[in-house]
**Q** 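Sending over a structure as structure tokens; questions will come in a sec.
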Amino acid sequence: MIANLASSELTRQDFLSNCDPRWCPGCGCFSILRSLTTSFANAGIPKERQVVVSGIGCSSRLPYYTSAYGFHTLHGRAPTVAMGIKLTNPELSVWIVSGDGDALAIGGNHTMHFMRRNSDLKMMLFNNQIYGLTKGQASPTSPPGLKTKSTPYGVTDNPVRPVSLALASGATFVARVHDKDNAMMEAVMDEAQQHKGAVFIEILMNCVTFHDGAFDHVTAKKERDSHSLQLKHGEPMIFGQEREKGIIDRQGQLQVVEIGQSGITERDLLVHDAYSEDTALAHRLALLEYPDFPFPFGIFRKVDAPVYG
Amino acid sequence: MIANLASSELTRQDFLSNCDPRWCPGCGCFSILRSLTTSFANAGIPKERQVVVSGIGCSSRLPYYTSAYGFHTLHGRAPTVAMGIKLTNPELSVWIVSGDGDALAIGGNHTMHFMRRNSDLKMMLFNNQIYGLTKGQASPTSPPGLKTKSTPYGVTDNPVRPVSLALASGATFVARVHDKDNAMMEAVMDEAQQHKGAVFIEILMNCVTFHDGAFDHVTAKKERDSHSLQLKHGEPMIFGQEREKGIIDRQGQLQVVEIGQSGITERDLLVHDAYSEDTALAHRLALLEYPDFPFPFGIFRKVDAPVYG
Amino acid sequence: MTETLQPINETKHQLLDELTIKFAGDSGDGIQLTGQRFAELSSQVGEVVRTMPDFPAEIRAPAGTIGGVSGFQIRTGSDNVHTHGDRLDVLVAMNPASLKSNLAKVKRNGIILVNQDTFSERNLALADYQTSPLVDESLQDYRVFALSITKLTRAALKGSGLSGKEMDRAKNFFALGLICWLFPKPKTAVYQWIDKKFATKTVFAQANRKAFDTGWNYGETAELFATPYEIKKATKLKVDHTSKNQFITGNAAAASALVCAARKAGLPLFLGGYPITPATEVMQELLKIKAPDVKVFQAEDEIAAIGSTVGAAFAGALAATSTSGPGLALMGEFINLAVIAELPLVIINVQRAGPSTGLPTKTEQSDLMQALWGRNGESPLPILAAKTPQDCFNMTYEAARLAIHYMTPVIVLSDLYLSASAEAWHEPEQQELAEIPVHFATQAEGFKPYQRNDDTLARPWAIPGTPGLEHITGGLEKQWDTGGVSYDGENHERMVHLRAQKIANIAKTLPLPPVYGNPNASVLLIGWGSTFGSLLEATEQMNQQGDAVAFIHLQHLNPFPKGLAESIRQYSKVVVAENNLGQLCQMLRAQFLIDAQLISKVQGSPFTVDEVILKLKLMMEKSS
Amino acid sequence: MTETLQPINETKHQLLDELTIKFAGDSGDGIQLTGQRFAELSSQVGEVVRTMPDFPAEIRAPAGTIGGVSGFQIRTGSDNVHTHGDRLDVLVAMNPASLKSNLAKVKRNGIILVNQDTFSERNLALADYQTSPLVDESLQDYRVFALSITKLTRAALKGSGLSGKEMDRAKNFFALGLICWLFPKPKTAVYQWIDKKFATKTVFAQANRKAFDTGWNYGETAELFATPYEIKKATKLKVDHTSKNQFITGNAAAASALVCAARKAGLPLFLGGYPITPATEVMQELLKIKAPDVKVFQAEDEIAAIGSTVGAAFAGALAATSTSGPGLALMGEFINLAVIAELPLVIINVQRAGPSTGLPTKTEQSDLMQALWGRNGESPLPILAAKTPQDCFNMTYEAARLAIHYMTPVIVLSDLYLSASAEAWHEPEQQELAEIPVHFATQAEGFKPYQRNDDTLARPWAIPGTPGLEHITGGLEKQWDTGGVSYDGENHERMVHLRAQKIANIAKTLPLPPVYGNPNASVLLIGWGSTFGSLLEATEQMNQQGDAVAFIHLQHLNPFPKGLAESIRQYSKVVVAENNLGQLCQMLRAQFLIDAQLISKVQGSPFTVDEVILKLKLMMEKSS
Ligand SMILES: Cc1ncc(C[n+]2csc(CCOP(=O)(O)OP(=O)(O)O)c2C)c(N)n1
Ligand SMILES: Cc1ncc(C[n+]2csc(CCOP(=O)(O)OP(=O)(O)O)c2C)c(N)n1
Ligand code: SF4
Ligand code: SF4
Ligand SMILES: [Mg+2]
Ligand SMILES: [Mg+2]
């Protein structure tokens with residue numbers, strides 16, 4: 001994964017600024033910062049060529065805590081600034097840090113368009129299903145029924161599915177990870193470092209203050225194996241504490257099956273194909289949700305395509 | 001189809017204003033205006049309860065030519081104004097008229113969010129794959145390679161697929177029609193009149209001045225039958241001059257087949273299910289394009305779901 | 001509750017003109033609750049009270065750090081209380097960080113009460129103290145009382161069945177008890193409030209009562225203070241002793257005004273909003289109301305927020321939005337649509353320090369020019385500014401009235417300071433409120449969407465759903481009476497003048513602002529917005545000290561009331577004080593050709609009274 | 001080509017001081033081409049020329065209707081030609097609708113040439129004529145020449161092998177030929193141009209030459225006119241006879257300036273834009289250039305356009321955007337980010353008539369205050385305004401220089417009138433252009449992102465990719481030298497003043513604008529932007545008529561050049577003429593306390609010279 005051996009001596013610490021993060025103790029952002037800086041060190045791209053562009057929100061404070069170039073822009077507008085940076089200097093590796101409100105409420109259009117153009121930008125969407133910085137209003141990903149400061153009687157909107165949107169928009173690298181699994185975050189970020197084109201990584205992130213435990217049912221250590229599905233290109237879709245379950249496609253419908261029951265073997269299972277030009281499977285995977293299905297993590301799609309600019 | 005017998009005496013003419021349309025002679029907008037006013041007459045909803053809200057563009061001039069209430073708002077922002085109207089007076093039937101630039105470039109976010117909320121608004125997107133009013137720049141739906149005033153060397157962006165976007169966003173009524181087939185337009189509009197929830201109708205519309213003939217390969221009378229597919233709920237997907245071809249699902253892949261060849265009968269063909277909760281099939285149909293496939297028209301999706309507000 | 005609020009045995013009390021006190025501690029210490037309660041008690045006994053909370057920075061800092069300090073300041077006294085106070089008479093500091101961050105505000109010889117149990121090495125370090133201020137000499141200019149509040153509370157609650165952590169949560173009641181003894185407040189009112197607040201958790205109610213009593217008794221018995229202090233009550237102000245009397249912030253007042261105005265007008269209320277500090281609470285206050293005539297729409301962004309508001313106005317609602325500077329910047333294009341479509345809109349802009357994201361948690365008055373000019377073309381609209389938290393009610397209500405009366409968007413300027421500071425208030429009854437007549441057009445015969453009322457120049461409000469009035473509106477220039485699209489140059493000029501005239505005409509209906517201080521002075525101080533309290537107090541003090549100063553405070557910033565120029569011209573020196581680089585000052589100079597001078601402060605905080613006096617004196621010296 | 005451009009046999013020509021002529025016809029009639037060619041010929045023989053096209057409304061109207069008329073006006077003459085002319089000496093009307101819509105502009109006794117073949121009943125009806133103006137008396141005040149241009153052209157082209165329709169397309173060459181005989185222009189230049197233009201279609205080239213000759217010969221032989229008219233040539237202006245001499249519109253000039261400035265500075269050029277009338281051509285001109293150092297990004301909206309521009313500036317490009325009023329309204333929030341992040345940006349705002357969508361195809365000067373104030377907080381930036389099409393080059397270039405020199409966004413105001421009108425011009429050579437030095441920071445040692453240049457107060461430009469200068473910028477307030485986030489109130493005040501000072505300081509580097517007319521007059525006329533030509537001509541005429549008037553025209557609107565107040569104060573009466581309700585007038589009053597009075601026109605069209613004179617005289621009478 002190391003692209004540039006010359007600067008490979010940089011460590012994670014080198015990518016941290018001397019500014020103390022001002023997130024709430026226990027906020028998921030800390031863990032993401034950790035993985036990102038680790039991946040920066042892994043990538044071996046010199047510091048001066050990494051640029052982290054953010055919008056406004058708790059998550060968007062992240063650039064201050066890295067030692068790369070950074071731009072803390074306006075609410076929802078990070079992709080536009082990132083675009084100008086990349087078009088001006090294509091040598092730079094440009095990351096976008098955004099929140100669910102930032103990227104999907106006010107910034108939804110820019111998010112969609114940078115992906116449509118397959119611009120060579122990497123967006124990380126810190127999805128805590130809430131507006132953190134403004135102290136707890138509903139966001140476009142807040143689950144129905146959630147009581148927040150702006151929905152005292154519960155959310156009634158249908159939430160946006162970030163991965164579906166990214167696929168429909170045409171991002172060429174689409175993934176989902178979470179703040180409780182640094183190894184997975186780093187593996188995905190490392191692959192993203194190398195990707196040419198629009199990267200979209202949804203990162204489930206726990207907001208301890210305004211929506212604590214939102215993802216525990218799929219991210220907590222003890223639930224993780226049975227409630228989530230790790231997508232790996234070329235591998236059958238297996239999950240479960242004992243890797244005893246899998247996903248099959250029965251007449252166009254995805255279904256959960258027990259391996260070994262009703263004559264099902266590993267060979268009957270759907271095999272993940274992240275490199276397919278056709279997004280149909282990825283689209284269907286993006287619709288899977290716990291409890292009917294395991295919640296998928298990993299890389300949904302990764303294809304090469306001409307890059308904008 | 002007539003909801004309100006009392007006012008059913010209104011004719012198409014009653015829904016036309018005495019303002020002469022100022023579109024280029026031959027513009028597809030004329031035909032759409034014709035179908036919309038016909039559908040208004042069919043719906044039997046009194047004039048004062050129909051509201052037509054538009055953005056800015058050639059297409060967005062339409063409200064001036066109807067005799068309903070109308071609001072010619074700002075570029076890209078019609079859905080937001082429509083939202084305020086509907087929430088204030090739910091008795092009104094609120095239509096949004098928008099262009100491909102209006103609804104998908106500057107207005108993409110509002111388009112997405114009104115559909116996500118399943119707001120009870122009906123958007124007609126007049127897709128001429130060009131910015132008409134500003135005299136011929138590329139729009140988000142302009143096909144790759146197209147030379148326009150703003151792409152003298154040809155479009156390089158990937159176009160937005162409006163129907164895919166509508167499905168991903170959660171619209172509960174999603175259809176595609178074209179300006180050369182008034183009967184189809186009216187049938188779809190008539191159904192839309194009765195729908196409760198977010199309606200999205202993509203209308204292929206010919207811009208004679210800046211992108212003439214863009215859709216001839218699928219809309220021209222002599223091509224239509226063989227190059228397009230009429231989706232009808234509950235009916236097998238058949239097309240062709242002689243209705244000799246059809247669509248099947250072979251291991252998750254849609255394929256074109258000749259009926260009668262290799263033992264294929266009508267019963268093997270995919271049957272359109274517009275009422276399915278699951279959007280997977282609709283998503284796949286939205287990806288079909290001529291010449292690999294016939295280009296689908298009709299209602300992709302129509303489901304009941306709780307309405308916003 | 002009212003009958004219990006009699007002042008208690010007063011004989012041996014010292015009398016104080018006024019008191020500025022601040023409760024401070026860690027975010028988890030219940031500081032806001034304690035402070036608010038003390039403020040309410042003070043108000044209920046007839047004092048004039050202003051409060052100001054001090055929240056930790058937007059993103060939570062770790063417990064015990066300076067960043068995590070929460071504070072609540074109260075100024076209470078008689079009629080001359082107009083601000084929450086510049087300096088503290090009393091600081092109650094529940095931990096080292098709260099002492100550190102508030103010390104500079106305490107008056108020399110002021111009282112500092114600290115909970116010494118929290119002065120552990122760890123907490124001192126978190127607050128960046130090298131040595132404990134309780135043992136070194138850093139506090140020698142103050143009267144420091146270091147109490148073991150945690151221990152005393154725990155001791156009192158022993159056997160209550162509560163855990164240690166739970167007991168500690170009652171320690172703010174100890175502090176409240178002690179303070180309520182020192183500045184006597186009726187015990188029974190506190191009991192009743194505790195019982196109500198913890199009705200479902202009686203163990204806590206008991207514990208909190210107990211902690212309160214312990215604090216009170218500690219005051220009485222520990223003999224730290226010779227006697228309690230009695231605070232002077234309001235004389236001119238009528239104090240409302242009913243339960244309708246409540247503390248209201250500027251944001252809550254604005255929200256309340258919208259509801260009252262809509263109901264008075266007989267319209268549904270619609271607010272389209274998007275969260276932004278410090279305006280979010282306007283939307284949130286309305287979201288709490290579950291009534292069919294109040295619709296609140298949290299939009300995907302500010303553009304959609306105001307877009308929906310414009311739609312709602314077209315459809316016949318009292319339509320409003322609330323935002324702050326960056327949001328207002330995004331709304332300009334849509335406000336302009338409302339200007340040309342002549343639709344009534346109330347836009348509440350709660351200013352914060354700019355430019356750009358700036359200092360989102362600090363106050364400033366720097367959006368006046370944006371409100372006036374932040375749109376393309378000639379785009380006139382009325383601008384009002386609130387001067388106190390409750391004036392946010394008055395101005396928002398007035399904005400709604402003007403919007404409907406003149407068919408125009410109206411901008412109300414508030415600011416972060418007003419949004420958060422609070423004063424006692426009660427919501428007026430419907431019959432006390434100014435009329436807001438609404439005349440929807442209904443007559444199809446001869447209807448013209450742009451035919452105007454001779455007096456107001458307002459066009460008719462013809463809403464969808466009305467048979468026979470079907471028409472199209474929008475952003476293109478309108479033919480002057482049919483309202484159809486017109487590309488005619490002369491019609492355009494006519495409309496540009498007409499829109500300007502419609503707004504300018506409002507001037508003649510506006511009362512001249514009262515003159516405070518000495519109307520015969522040669523120096524006139526002019527202010528607007530949240531600086532009112534400081535400017536008024538400064539004026540009063542200067543006149544008391546023998547420096548004649550007159551003061552007027554503008555609520556109507558566009559148009560100015562008719563006759564304002566003449567009033568101002570009576571003074572040989574005109575000084576405008578604002579928290580910006582002179583925006584009102586520029587307006588007055590341009591419109592009246594008066595050589596108005598500026599007193600400016602752009603530090604994210606309001607003027608202190610002393611600052612105003614100092615700067616004004618300097619100016620008066622220079623010119624004399 | 002140059003050697004052929006000798007004036008032809010002049011002996012028997014009458015001399016004209018100047019000529020205003022308009023070609024008009026249906027959109028399909030080739031009017032624009034004909035008009036442009038005549039303008040170029042006039043310029044090449046040494047006349048001063050200004051042109052103005054007249055496009056049909058945005059959406060195409062049917063052929064033959066008034067809405068579908070296309071026109072091209074040319075004014076040509078000597079040094080005193082500064083506008084495209086208020087009234088027509090000659091109208092060439094190729095159909096009834098074009099006659100109808102332009103008649104009002106023709107001078108009494110002016111020449112009207114019509115193609116009578118198009119005066120069919122159908123066409124008369126389409127143009128709303130009840131009876132033919134060629135037979136009734138409506139044209140009796142003019143010298144009307146009704147020619148059978150269609151028939152004559154067809155006759156001439158008989159046997160050319162062209163279809164009837166194709167022949168008809170040559171009829172504008174007949175008109176051109178006739179006019180080139182009447183106001184003599186070198187034939188050979190026309191031939192060469194035709195041959196080049198139709199190089200691949202020689203039949204058309206032949207036909208057009210033939211039609212041209214036929215028109216010319218018709219003039220010579222038909223004896224409609226006694227003799228041709230010779231037009232006075234430029235005396236002061238140097239005329240460029242090389243092929244670099246071209247007609248340039250304001251929009252093309254602005255685009256060219258961006259390229260020149262970027263190349264002079266040695267930077268890549270980046271323009272992020274979104275189509276909007278009348279600014280779109282700035283972007284489109286740049287899109288035509290296929291060069292690695294010119295990047296143009298058509299964004300999804302104006303917010304993305306300027307966002308990308310801000311990003312490009314951060315990354316080290318000469319970053320620009322172009323828009324019109326409604327777009328500028330959307331850009332305010334981002335411009336503000338560039339103000340606080342102190343990044344160089346050129347924002348070209350081509351004004352059109354507002355408010356809101358307003359009259360998108362009409363001109364106005366009503367975005368000055370929006371440019372100055374349309375952002376939250378105190379947000380100062382320089383504002384320049386172009387006065388002629390080629391001044392769009394100068395001002396845009398100057399904006400780029402200032403932006404980089406001071407690290408600030410700069411707004412250039414142009415307008416619809418300048419965007420479309422054209423004059424002869426050639427692009428300066430690199431060495432003729434002012435230096436634009438760029439000093440990217442490179443020294444990591446001691447680097448502080450907000451440490452300033454003592455002279456300009458500019459901060460260093462440290463671009464991503466530079467090792468050791470990694471830093472974060474953004475919209476939060478900055479510590480004054482490290483550029484880190486600072487919530488400190490006093491630092492904020494310091495920064496607010498610093499940003500203001502940085503821009504204010506530019507004033508001392510700006511030259512005072514020249515005084516035209518009579519500098520000793522007591523009346524001073526002040527203008528800005530596209531009104532320059534009319535105001536200058538009005539000034540000259542008034543002085544000629546014995547009314548002493550001085551005139552200055554401002555290009556720098558913020559800050560004003562140092563010493564401007566003193567210059568202005570020399571006059572006892574100051575009158576500001578603008579196409580708005582007095583925006584510059586307000587600025588001058590506020591800053592200088594001068595009782596500046598307003599001459600306003602808000603009709604979507606520029607002042608005519610007569611209007612200015614009339615209004616100015618009225619004002620002078622009133623005050624005397
Ligand atoms: C134009 C504008 N509107 C609103 C805001 C206020 N605001 C700041 S962050 C934010 C939303 C934060 O939510 P999210 O994007 O999910 O980020 P998080 O804080 O949860 O990481 C809002 C509404 C702003 N800064 N600017
Ligand atoms: C804020 C703003 N930006 C830009 C414009 C200019 N503009 C008007 S319509 C339009 C695009 C028109 O294209 P489309 O939406 O496809 O409509 P069509 O004319 O093709 O029907 C643009 C860019 C505007 N009116 N307002
Ligand atoms: S509010 Fe939530 S998202 Fe923001 S810092 Fe705290 S825990 Fe993190
Ligand atoms: S430009 Fe195109 S879309 Fe516009 S009116 Fe003409 S044909 Fe229709
Ligand atoms: Mg969030
Ligand atoms: Mg279009």
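Letters go in sequence order (proteins before strands), and every chain restarts at 1.
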**Q** With rounding to the nearest 0.5 Å, note down the distance linking CZ in R77(B) to CG in L337(C).
**A** 11.5 Å
**Q** Between M112(B), H113(B), M83(B), which is the residue that forms a side chain to side chain contact (heavy atoms under 4.5 Å, CB included) with E300(C)?
**A** H113(B)
**Q** Report the option among T309(C), I463(C), L269(C) that has the most heavy-atom pairs separated by less than 4.5 Å from atoms of chain B.
**A** I463(C)
**Q** Shortest non-hydrogen contact from T80(B) to G307(C)?
**A** OG1-CA, 3.3 Å
**Q** Taking every heavy-atom pair that is under 4.5 Å apart, which of V51(B), N89(B), V94(B), L92(B) has the most such pairs with chain C?
**A** L92(B)
**Q** Between CG of L74(B) and CD of E333(C), what distance do you get to the nearest 0.5 Å?
**A** 4.5 Å
**Q** With side chains defined as the heavy atoms from C-beta onward, is the minimum distance between Y64(B) and L476(C) less than 4.5 Å?
**A** yes
**Q** What part of R117(B) gets closer than 4.5 Å to chain C, counting heavy atoms only: side chain, backbone, both or neither?
**A** side chain
**Q** Please rank G475(C), P464(C), G468(C) by heavy-atom pairs under 4.5 Å with chain B and give me the top one.
**A** P464(C)
**Q** Does any heavy atom of chain B fall under 4.5 Å from the side chain of L343(C), the backbone, both, or neither of them?
**A** side chain
**Q** So with a 6.0 Å cut-off around CZ of R452(C), is the heavy-atom count from everything else above 12?
**A** yes
**Q** How many angstroms lie between NZ in K86(B) and OG in S308(C), if you round to the nearest 0.5 Å?
**A** 15.5 Å
**Q** Walk me through whether V81(B) and F314(C) qualify under side chain to side chain contact (heavy atoms under 4.5 Å, CB included).
**A** CA-CA 9 Å; V81(B) 174; F314(C) 179 60; 5.8 Å; no
**Q** What part of F114(B) is in contact with chain C, defined as an atom under 4.5 angstrom from a non-hydrogen atom: side chain, backbone, both or neither?
**A** neither
**Q** Select, from A78(B), C19(B), P63(B), the one with the greatest count of heavy-atom pairs under 4.5 Å involving chain C.
**A** P63(B)
**Q** Can you check whether A315(C)'s main-chain N or O pairs, donor with acceptor, with Y69(B)'s side chain at less than 3.5 Å?
**A** no
**Q** What part of S67(B) gets closer than 4.5 Å to chain C, counting heavy atoms only: side chain, backbone, both or neither?
**A** backbone
**Q** Report which part of A313(C) has an atom under 4.5 Å of a heavy atom belonging to chain B: side chain, backbone, both, or neither.
**A** neither
**Q** To check you understand the geometry: which heavy-atom pair defines the closest contact between I472(C) and F71(B), and what is its length?
**A** CG2-N, 4.3 Å
**Q** Quick one: closest heavy-atom pair of T88(B) and A317(C), and the distance?
**A** CG2-CB, 3.6 Å
**Q** Below 4.5 Å from any heavy atom of chain B, which atoms of D301(C) appear? Answer side chain, backbone, both or neither.
**A** side chain
**Q** Are the side chain of E470(C) and the backbone of E48(B) linked by a donor-acceptor contact shorter than 3.5 Å?
**A** yes
